[in-house]
Amino acid sequence: TGGGLAQLSDLDHDNPAVLDYLVGAYAQWIDQGAAAFRVDTIGWMPHRFWKSFADRIRARHPGFFMFGEDFNYDAAAIAGHTLPRNGGISVLDFPLRAKLTEVFEKPGSDFAEIGKVLYLEDGPYNNPYDLVTFYDNHDMARMKASDDGFFDAHNWLFTARGIPAVYYGSETGFMRGRAEHMGNRNYYGQERVDAAAKSRIYAARKRIANLRRQSPALQRGLQLNLLMNGEEAAFYRVYEHAGVTQTALVLLNKGDASRRIALDEYIQPGNWRDAFSGKQVRIGNQLQMDVPAHGVRVLLIDQALTRKD
């Protein structure tokens with residue numbers, strides 16, 4: 001690895017025995033039921049090593065998902081890991097993390113900032129939908145947001161592109177704003193686990209996370225942004241694969257008051273349903289819908305889209 005990374009061992013990435021050892025070690029975890037791997041400090045080993053490693057893992061377990069941590073806020077710098085020629089290993093989305101904290105820590109910030117790092121088309125990543133999305137973890141200050149800011153962050157994280165990851169305790173605002181060695185990693189404990197259900201942040205996060213779990217569109221659908229401006233955001237998630245068809249229309253409001261969000265472009269007419277209540281919502285060629293303060297509305301339709309655009 002070249003050395004110098006904290007007090008971690010230095011590995012000779014050009015020694016075949018090192019590759020054999022690591023593949024064997026990881027394979028044991030897969031045999032015990034591991035469903036995916038987080039590869040720590042992936043940037044400290046060359047692409048050629050990870051290509052050989054990934055090829056050998058996936059020869060035994062085709063399609064096995066792996067994502068790496070390359071602590072870098074430059075998308076162009078970390079995207080190389082995701083390319084097939086380098087092993088096709090996804091990464092933690094650090095560029096998005098920077099924008100999430102910028103937007104959700106600060107009242108009055110602009111949703112448009114998030115749009116700058118989504119890279120939905122012609123971006124540097126092999127597949128932006130495989131990126132693991134987050135707003136804080138153990139190596140940085142926890143997000144310093146109000147309860148409302150956490151509502152907004154989770155409403156985004158569990159409806160937008162990527163695979164959401166929430167650091168322990170952040171689902172209740174635990175140690176918010178605390179830096180890496182200044183409380184970030186403090187013991188959470190069974191008392192806090194038992195009390196989590198009483199947290200406003202936890203309850204709202206559970207609601208939107210359960211909705212994502214039930215919706216193939218929110219999990220894997222292509223994202224088309226309709227509005228990313230000020231306190232408001234709206235986008236489609238479109239999923240059509242292997243006989244399953246679902247589109248989600250997501251409306252977000254991070255303002256302190258209820259807002260009526262109006263859309264008149266790319267609207268799919270038809271009988272949609274409210275994803276939370278199940279009630280039918282008839283949509284024509286335009287849409288106006290009230291979204292509560294720091295809230296989310298999600299509409300679903302389980303049929304192929306008919307608009308040519």
> Would you find a donor on one side and an acceptor on the other, under 3.5 Å apart, between the side chain of Tyr168 and the backbone of Arg185?
Replying inline: yes

> Would you say Arg205's side chain and Phe158's backbone share a donor-acceptor pair under 3.5 angstrom?
Replying inline: no

> Between Ile208 and Phe151, is any pair of side-chain heavy atoms under 4.5 Å apart?
Replying inline: no

> Can you check whether Trp44 and Phe49 have ring centres sitting under 6.0 Å from each other?
Replying inline: no

> Judged by atom type as modelled, is there a donor-acceptor pair below 3.5 Å linking the side chain of Gln219 to the main-chain atoms of Arg212?
Replying inline: yes

> Would a distance-only check, ignoring hydrogens and angles, find a side-chain to backbone donor-acceptor pair under 3.5 Å from Arg192 to Tyr187?
Replying inline: yes

> Given the rule that I, L, V, M, F, W and Y join up when any side-chain heavy atoms are under 4.5 Å apart, are Val281 and Ile261 in one cluster?
Replying inline: yes

> Regarding Arg56 and the six-membered ring of Tyr21, is the cationic atom NZ or CZ under 6.0 Å from the ring centre and inside 45° of its axis?
Replying inline: no

>> Please check: side-chain N/O of Thr172 versus main-chain N/O of Tyr202, any donor-acceptor pairing under 3.5 Å?
In response: no

> When rounded to the nearest 0.5 angstrom, what distance separates CG in Asn253 from CG in Asp152?
Replying inline: 8.0 Å

>> Using the ring centroid of each side chain, check whether Tyr26 and Trp29 are separated by less than 6.0 Å.
In response: no

> Could Arg97 and Phe94 be counted as a cation-pi pair, given that NZ or CZ must be under 6.0 Å from the ring centre and within 45° of the axis?
Replying inline: no

>> Is there a side-chain contact between Phe174 and Asn186 in this structure, where contact means two heavy atoms from C-beta onward sitting under 4.5 Å apart?
In response: yes

> Got a second to check how far Tyr129's OH is from Ile163's CD1, nearest 0.5 Å?
Replying inline: 12.5 Å

>> Atom CZ of residue position Arg85 - does it have more than 12 heavy atoms of other residues, nucleotides or ligands inside 6.0 Å?
In response: no

> What is the distance from atom CG of Leu226 to atom CG of Asp264, rounded to the nearest 0.5 Å?
Replying inline: 10.0 Å

> Between atom CG of Leu249 and atom OH of Tyr266, what is the distance when rounded to the nearest 0.5 Å?
Replying inline: 14.5 Å

> Can Met289 be reached from Ile283 by stepping across I, L, V, M, F, W or Y side chains whose heavy atoms are under 4.5 Å apart?
Replying inline: yes

> Out of curiosity, does Leu305 fall in the hydrophobic cluster containing Leu287 (side-chain heavy atoms, cut-off under 4.5 Å, transitive links)?
Replying inline: yes

>> Can you tell me if Asp194 has over 12 outside heavy atoms packed within less than 6.0 Å of its CG?
In response: yes

> Is Tyr239 close to Leu218 at the side-chain level, that is, under 4.5 Å between some pair of heavy atoms?
Replying inline: no

>> Is there a side-chain contact between Lys99 and Glu102 in this structure, where contact means two heavy atoms from C-beta onward sitting under 4.5 Å apart?
In response: yes

> Got Val193 and Gln190 here, is their nearest side-chain heavy-atom distance under 4.5 Å?
Replying inline: yes

> How are the rings of His154 and Tyr135 set to each other: parallel, tilted or perpendicular (split at 30° and 60°)?
Replying inline: tilted

> Out of curiosity, does Leu224 fall in the hydrophobic cluster containing Val238 (side-chain heavy atoms, cut-off under 4.5 Å, transitive links)?
Replying inline: yes

> Any idea which heavy atoms bring Leu157 and Phe134 closest together, and the distance?
Replying inline: CD1-N, 4.0 Å

>> Does either side chain, that of His294 or that of Asp256, offer a donor lying less than 3.5 Å from an acceptor on the other one?
In response: yes

>> Return the OH to OG distance between Tyr188 and Ser170, rounded to the nearest 0.5 Å.
In response: 9.0 Å

>> By the definition salt bridge (charged side-chain N to carboxylate O under 4.0 Å, His left out), identify the one residue from Arg297, Arg259, Lys254 that meets it with Glu232.
In response: Arg259

>> For a 4.5 angstrom cut-off between non-hydrogen side-chain atoms, does Arg60 reach Phe64?
In response: no

> Side-chain heavy atoms under 4.5 angstrom apart, residues restricted to Ile, Leu, Val, Met, Phe, Trp, Tyr: same cluster for Met45 and Phe53?
Replying inline: yes

>> Treating Glu69 as the side-chain partner and Thr41 as the backbone partner, does any N or O pair qualify as donor plus acceptor under 3.5 Å?
In response: yes

> Any luck finding a side-chain donor-acceptor pair between His81 and Asn86 under 3.5 Å?
Replying inline: no

> Does the side chain of Phe67 reach to within under 4.5 Å of the side chain of Asp130, using non-hydrogen atoms?
Replying inline: no

> Between Ser215 and Gln246, does any side-chain donor sit less than 3.5 Å from a side-chain acceptor?
Replying inline: yes

> If only atom types and distance count, is the side chain of Arg142 paired as donor or acceptor with the main-chain N or O of Arg178 below 3.5 Å?
Replying inline: no

>> Nearest 0.5 angstrom please: Ile42 CD1 to Phe71 CZ, how far?
In response: 15.5 Å

> So which of Ile78, Leu100, Asp74, Leu131 actually passes side chain to side chain contact (heavy atoms under 4.5 Å, CB included) with Pro95?
Replying inline: Ile78

>> Is it the case that atom CZ in Arg213 sees more than 12 heavy atoms from other parts of the structure closer than 6.0 Å?
In response: no

>> Does the plane of the ring in Tyr167 sit parallel, tilted or perpendicular to the ring in His138? Use 30° and 60° as the thresholds.
In response: tilted

> Would you call Lys144 and Asp136 a salt bridge, using N to O less than 4.0 angstrom?
Replying inline: no

>> Are the side chains of Gln223 and Leu118 in contact, using a 4.5 Å heavy-atom criterion?
In response: yes

> Under 6.0 Å from the CD atom of Gln280, do we count more than 12 heavy atoms belonging to anything else shown?
Replying inline: yes

